[in-house]
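A short worksheet on the structure shown next.
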Number of protein chains: 2
Amino acid sequence: MISQLIKKIQEKNAPVVVGLDPMLDYIPKHIMDSAYEQFEETLGAAGEAIWQYNQAIIDEIYDLIPAVKPQIAMYEQYGLPGMVVFDKTVKYCKQKGLIVIGDIKRGDIGSTSTAYANGHIGSVMLGRTELRAFYEDMVTVNPYLGSDGVKPFVDVCREKDRGMFVLVKTSNPSSGEFQDQLVDGRPLYELVAEKVNEWGSDCMDGNYSNVGAVVGATYPEMGAKLRKLMPYSYILVPGYGAQGGTSEMLRPYFNDDGLGAIVNSSRGIICAYKQEKYLEFGEQNFALASRQAVIDMIEDINSIF
Amino acid sequence: MISQLIKKIQEKNAPVVVGLDPMLDYIPKHIMDSAYEQFEETLGAAGEAIWQYNQAIIDEIYDLIPAVKPQIAMYEQYGLPGMVVFDKTVKYCKQKGLIVIGDIKRGDIGSTSTAYANGHIGSVMLGRTELRAFYEDMVTVNPYLGSDGVKPFVDVCREKDRGMFVLVKTSNPSSGEFQDQLVDGRPLYELVAEKVNEWGSDCMDGNYSNVGAVVGATYPEMGAKLRKLMPYSYILVPGYGAQGGTSEMLRPYFNDDGLGAIVNSSRGIICAYKQEKYLEFGEQNFALASRQAVIDMIEDINSIF
């Protein structure tokens, strides 16, 4: 799977992933109004509004980027109608040729992690029929429960050629509270990184492994260190743009081959029309503002090479 | 919320929660056959079979216990039909007067954790209408992202009188890989426990806090230590029965008032009919076997006092 992602990154010349993390207050008024008219103030209205919003943005940006990363929480919070739209969004993006990274951050004990892995990137058996439940190509995984919680995802990645990114060092302000604690003089996230290397060695796909890592853009020195610790792992880098990461901070996340990292922006792209810089597009043309924001982001990221 | 749970534990004299973690190979053949007949080999058949199975068990055990703990992964793995049954199961248990602990182990950065918290134990706003998405009373939370990932759940617990259990020390074999790492001579899980105490102090409901902790039954010495470190937190204890924990190992998890812990069993109850001990019930009477297993478990747990 990682070789497919790399191929698309090279074709589009864009080590960039767009986070489809819709919040209702990002969505233009005309879409919200129409959803409320059709469904009143129900969870179904949220689902419809998010779907219209996502679809318009995907249609305008799919040709520019290799991948999208829907954040499942933004759908799950609207219950079943939200989950329906998560599923629809994943399928729609795949039809458009995009690789879909489900930002699910799941992780549990063995048999339960197996269920999550099968459900999101693998398949389940119903009698003699093998079926997919959700349709992501790759997912994010929380490592706090240790190897037996992570390995079921690794197994599915190996068997089905799918991908995963293990949370190593997240981009949020209090990520250091546990992740940075020193164990024998080294931060915990380095121990996690070594495990990522170990898990990933068993799951190579070309020069890189299907087991990658999440390392926030907001910590470039840690990024440099982690880059060396996990030479074969792709790094998914959140925190660019809205969370404060800039392109100069991103160089250390890449290997010398110009590969090895993919940078995420969510709000900076999908809610671009509200930024000063893109106000000229107007609320009606929100998706065109997103397109311009993607073009600008790709140029900015590529400027570091 | 924790005061309501304690009240029910005392009424039923049962510091016990049943994990509704259905696997298809737990489900009796007559239920699977009927689901396949109706829905063929589809995800819908999985949903229907799980629903019939859950409902029969709940009907036989709801009067004996204070709470249930559905493991969302076991539903999520069957996609949308699975999520429909998760929702139906939660609502059905609440109608039966049970407190529902959603075993969701979610955790993310701030705004995303807010979405999970609102979706599972809080509410979302659609225009001027406040709605629930999923209907759990309490949830489990993964702390790896630190305070700003956990606090949105704490806020909802305080504002809406709901409850949560933070993963401190899990019951699986490799839980020690990160959780037991020594930080200044103390295991990481103790740091997490101190944070649980801090988060929970802001969220008291009677003598206990709405912020509890998950500590596996398989580590009684750690249980004793953690009991003292978090005097106001209820401890949700997985790992009894099928995972190897015995009642003698459980005493340290309780305070001297006989409160402070609630012990989970999943497979040991819902799949009791397959155990040697309960074979006499037969597959058709699987739910009666579950009832007997609950009675036996309550007696076993209460024997430690």
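Lettering of chains follows the sequences in order, A, B, ..., and the numbering in each one begins at 1.
If you measure heavy-atom distances from B:Y78 to chain A, the contacts under 4.5 Å come from both the backbone and the side chain. Within the 4.5 angstrom heavy-atom criterion, atoms from both the backbone and the side chain of B:V192 approach chain A. Interface remark: B:L167 contributes backbone and side-chain atoms alike to the contact with chain A (heavy atom separation under 4.5 Å). Using a 4.5 Å cut-off between heavy atoms, B:T170 contacts chain A through its side chain alone, with no backbone atom that close. For B:L24, the part sitting under 4.5 Å from any heavy atom of chain A is the side chain, from C-beta outward, and nothing else. The contact between A:R106 and chain B is made entirely by side chain atoms (from C-beta outward), counting heavy-atom distances below 4.5 Å. Residue B:M125 touches chain A through its backbone alone, counting heavy-atom pairs closer than 4.5 Å. Contacts of A:F178 with chain B are made by both backbone and side-chain atoms, with heavy-atom separations under 4.5 Å. For B:P143, the parts lying near chain A are the backbone and the side chain together; criterion is any non-hydrogen pair under 4.5 Å. For chain A, the nearby parts of B:L145 are the backbone and the side chain; heavy atoms of each come within less than 4.5 Å. Both the backbone and the side chain of B:D148 come within less than 4.5 Å of a heavy atom of chain A. The contact between A:V124 and chain B is made entirely by side chain atoms (from C-beta outward), counting heavy-atom distances below 4.5 Å.
Ranked by heavy-atom pairs shorter than 4.5 Å toward chain A, the options B:K169, B:R128, B:M23, B:M32 are led by B:R128. Your options are A:D87, A:T42, A:D21, and the one with the most heavy-atom pairs under 4.5 Å with chain B is A:T42. Comparing B:N118, B:L191, B:D108 by heavy-atom pairs within less than 4.5 Å of chain A, the highest count is held by B:D108.
Considering CD of A:Q77 and CG of B:L131, their distance stands at 12.0 Å, rounded to 0.5 Å. From A:Q181, atom CD reaches atom CG of B:L182 across 12.0 Å, with rounding to the nearest 0.5 Å. Put simply, CD on A:Q71 and OH on B:Y116 are 5.0 Å apart, with the number rounded to the nearest 0.5 Å. Rounding to the nearest 0.5 Å gives a distance of 9.0 Å between CD of A:E40 and OG1 of B:T129. Put simply, NZ on B:K151 and OG on A:S174 are 8.0 Å apart, with the number rounded to the nearest 0.5 Å. Atom CG of A:N172 sits about 9.5 Å away from atom OG1 of B:T112, to the nearest 0.5 Å.
Between A:Y144 and B:L188, the shortest heavy-atom contact is CE1-CD2, 4.1 Å. Taking all atoms of both residues into account, the shortest heavy-atom contact from B:E76 to A:A133 is O-CB, 4.3 Å.
No more than 12 heavy-atom neighbours from other residues, nucleotides or ligands sit within 6.0 angstrom of CG on B:D184.
In this structure, the side chains of B:L80 and A:V84 come closer than 4.5 Å at one or more pairs of heavy atoms.
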